[in-house]
K.L.:
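One structure, pasted below without further comment.
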Number of protein chains: 2
Amino acid sequence: MKYSVVVVDDHMLLSQAIGGLVDAFDQFEVLYLCKNGQELIQQFKNNKNIPDVVLMDVNMPILNGIETTAHLKEHFPDVKVLALSIEEDEMTILKMLRAGAKGYLMKDVKKAELQEALLEVIENGYFHTNTIAKILVDSLRPKEGSVANLKEREIEFIQHACTEKTYREIADIMCLSPKTIEGYRDVLFDKLNLRNRTGLVIYAIKNKIFKP
Amino acid sequence: MKYSVVVVDDHMLLSQAIGGLVDAFDQFEVLYLCKNGQELIQQFKNNKNIPDVVLMDVNMPILNGIETTAHLKEHFPDVKVLALSIEEDEMTILKMLRAGAKGYLMKDVKKAELQEALLEVIENGYFHTNTIAKILVDSLRPKEGSVANLKEREIEFIQHACTEKTYREIADIMCLSPKTIEGYRDVLFDKLNLRNRTGLVIYAIKNKIFKP
DNA sequence: TAAATAAAGGGGGTAAACCCCTATTCCTCT
DNA sequence: AGAGGAATAGGGGTTTACCCCCTTTATTTA
C-alpha cells in the first residue's frame, strides 16, 4: 500500500526531478505534478486524485505556497502539506507554518531526509527539523531588531518608504501627519539600529518586508 | 557509449534529484555530485573522473558558478559547462556566458529539453534557447535604463549608495569630490529615470548590482 | 482609580539630498 | 589641428530628511 504524493513547483525540471526521486521511494507514489497553487486546486475540484501529502514550494506565480496551504487547510484538512523551498528566512517559514504546513524542508536536505520527513508526516502528522524548531522558539520572544517586533502600521510605513515617495506623500496615503511619519521613522531607526532611510530599505528587502 | 556528467548545486536534494533524472537518460551517466565549485575543482585535481559535461548552478557558496566556469575554461577547456539555474536576470546570464558556459537553462525547462540541451552541447558544442539568444542580441545594443549602459565607476558608486553612507563618505572612499558624487547621482537619475536615492537602491537590487 | 503606554502630532534647528547651471583638463575621433 | 566627449569639480539655491525635545488624547495595565 503506497501513500500518494503530489509535487507543486513552478520550475518544471525540479518538479519532474523531485517527483522522480519520490516515486522511487518504496512507500510512496507520485500522482501528478503542478506548476502552481491554482493548478493544484483545479485538480482537487473533481474530488479525485487527492493525495495524502503535497510537497509544496513557496514562491510560485498566480497562487503561491502560503495561499495554497491556507486554502487546503480549510477545504481539504486531511491533506498534509510539506513545504519544500529554497527560501530560508524566518518570515517565510513562519508564514508557511501558520498557513498550516506540517513541516518545512529546505532544498539542501538529502534524499534520505526527505523520505524520513514524508514518513514522519504520514505517521505522526508533522515533521520539524531542529532548525525549524529553533525558529519557532525564537518567534515566541522576538529578539531586538526582529521583524516580529514591528507593528502592522510600522510595516505599512516601511513598505511605502521602499518607494520613491516623500514622507509628505506617504503621510497623505496613510492619512497621518508628516510629523507622525517622522515619528514612525525615528522609532524604527531606534528599534532596528539604523542610521537612515537607505538602511531601512535594505533591512526591509533582506527581511522580505518589501520585494523589489 | 555514454557521456559522463557531473551536477554542481549547493542544494543536495536538487543535485540528487537532477542527477537521478540525467542518469536515467540513455546516453548519459552521472559520475558524482558536488556542493560547490571548490568541491568540483578538488575532484578534478587528480585528473580522474573528469566528465564531458558539467551541469552548473550559479549561486553557490565558496566558489560560485561564474568563478568555477571561468576556472574550467582555462584549465579544462574540453569540459563543457551547461548552466542550470533559477536566476533569470540578464546580468547573471551574460556573466555566466562570458565566463565560458556553453548554454544556460532555467530550471523551468522540461526533462526532455534538458536531454536535448545535453545532446546539443555534446554534438555541437553549445546550446542556446531563443530566450538566451535574445538576451545576447540585446546586449549588443543595450536599451535605455539597462545595466549594460552603466560605467564601471557608476556601478561602484551605486554599490556604495546602497549603504547608509552619506555622499561625503562615499566621496572619501572613491577619492572624489562630493560634488563629483552629486554629478554621478544626477547622471544616473537621468539615465535610469529615477527620482531619488531610494529609487536607485531598489533598481540596484532588482538588477543584482547590489545584494542585500 | 491612577499610572503607564500607545498613537498621533507639534516646534525648531541642522544636515543631507536634490536640482540646475557652469568650468577645466584630458582623451578620443574626424 | 580642432571639435567633441568623458571625467572631475565648483557655485548657489531649494527641498527633504534627520534629530531632539515636547504635548494631547485614548487605551491598557496594575
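Lettering follows sequence order; numbering is per chain, from 1.
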K.L.:
How close or far is atom C1' of C:dC21 from atom CG of B:Asp190, stated in whole angstroms?
P.N.:
15 Å

K.L.:
Given B:Thr68 and B:Asn36, is the side chain to side chain contact (heavy atoms under 4.5 Å, CB included) satisfied, shown in steps?
P.N.:
CA-CA 9 Å; B:Thr68 312; B:Asn36 54 52; over 6 Å; no

K.L.:
Go nucleotide by nucleotide along DNA chain D from the 5' end; which of B:Arg195 and B:Pro178 gets its closest nucleotide reached first?
P.N.:
B:Pro178

K.L.:
Between C:dG9, D:dA9, D:dC19, which nucleotide has the shortest distance from any of its atoms to the side chain of A:Ser177?
P.N.:
C:dG9

K.L.:
For residues A:Asp9 and A:Ser15, is any side-chain donor paired with an opposing acceptor at under 3.5 Å?
P.N.:
no

K.L.:
Across the strands shown, which category fits A:Thr180 at heavy-atom distances under 4.0 angstrom: base, sugar-phosphate, nothing?
P.N.:
base

K.L.:
Output the rounded distance in Å from CZ (B:Phe189) to C1' (C:dC20).
P.N.:
14 Å

K.L.:
Does B:Arg197 make a side-chain N or O approach to OP1 or OP2 of C:dC18 shorter than 4.0 Å?
P.N.:
no

K.L.:
On the nucleotide C:dA15, are OP1 or OP2 found under 4.0 Å from the side-chain N or O atoms that B:Tyr167 carries?
P.N.:
no

K.L.:
On the 0 to 90° scale, with breaks at 30° and 60°, tag the A:Phe44-A:Phe76 ring pair as parallel, tilted or perpendicular.
P.N.:
perpendicular

K.L.:
Heavy atoms from C-beta onward define the side chain here; which of D:dA9, D:dA17, D:dC18 lies closest to that of A:Thr166?
P.N.:
D:dA17

K.L.:
Would you say the side chains of B:Thr92 and B:Asp89 form a donor-acceptor pair under 3.5 Å?
P.N.:
yes

K.L.:
Establish, with yes or no, whether the OP1 or OP2 oxygen of D:dA17 is under 4.0 angstrom from a side-chain nitrogen or oxygen of A:Arg185.
P.N.:
no

K.L.:
Under 4.0 Å between a side-chain N or O of A:Tyr184 and OP1 or OP2 of C:dA8?
P.N.:
yes

K.L.:
Rounded to the nearest angstrom, tell me the gap between atom CG in B:Asp186 and atom C1' in C:dC20.
P.N.:
8 Å

K.L.:
To the nearest Å, give me how far apart CD (A:Glu182) and P (D:dC21) are.
P.N.:
15 Å

K.L.:
Within this structure, what is the CZ-to-C1' distance between A:Arg168 and D:dT16, rounded to whole angstrom?
P.N.:
11 Å

K.L.:
Can you measure B:Lys151 atom NZ to C:dC27 atom C1' for me and round it to whole angstrom units?
P.N.:
13 Å

K.L.:
Could you state the atom-to-atom distance from CG of A:Leu188 to P of C:dA6 in whole Å?
P.N.:
14 Å

K.L.:
Would you kindly give the NZ-to-C1' distance between A:Lys179 and D:dT24, to the nearest whole Å?
P.N.:
16 Å

K.L.:
Around atom NZ of B:Lys35, are there more than 12 heavy atoms of other residues, nucleotides or ligands at under 6.0 Å?
P.N.:
no

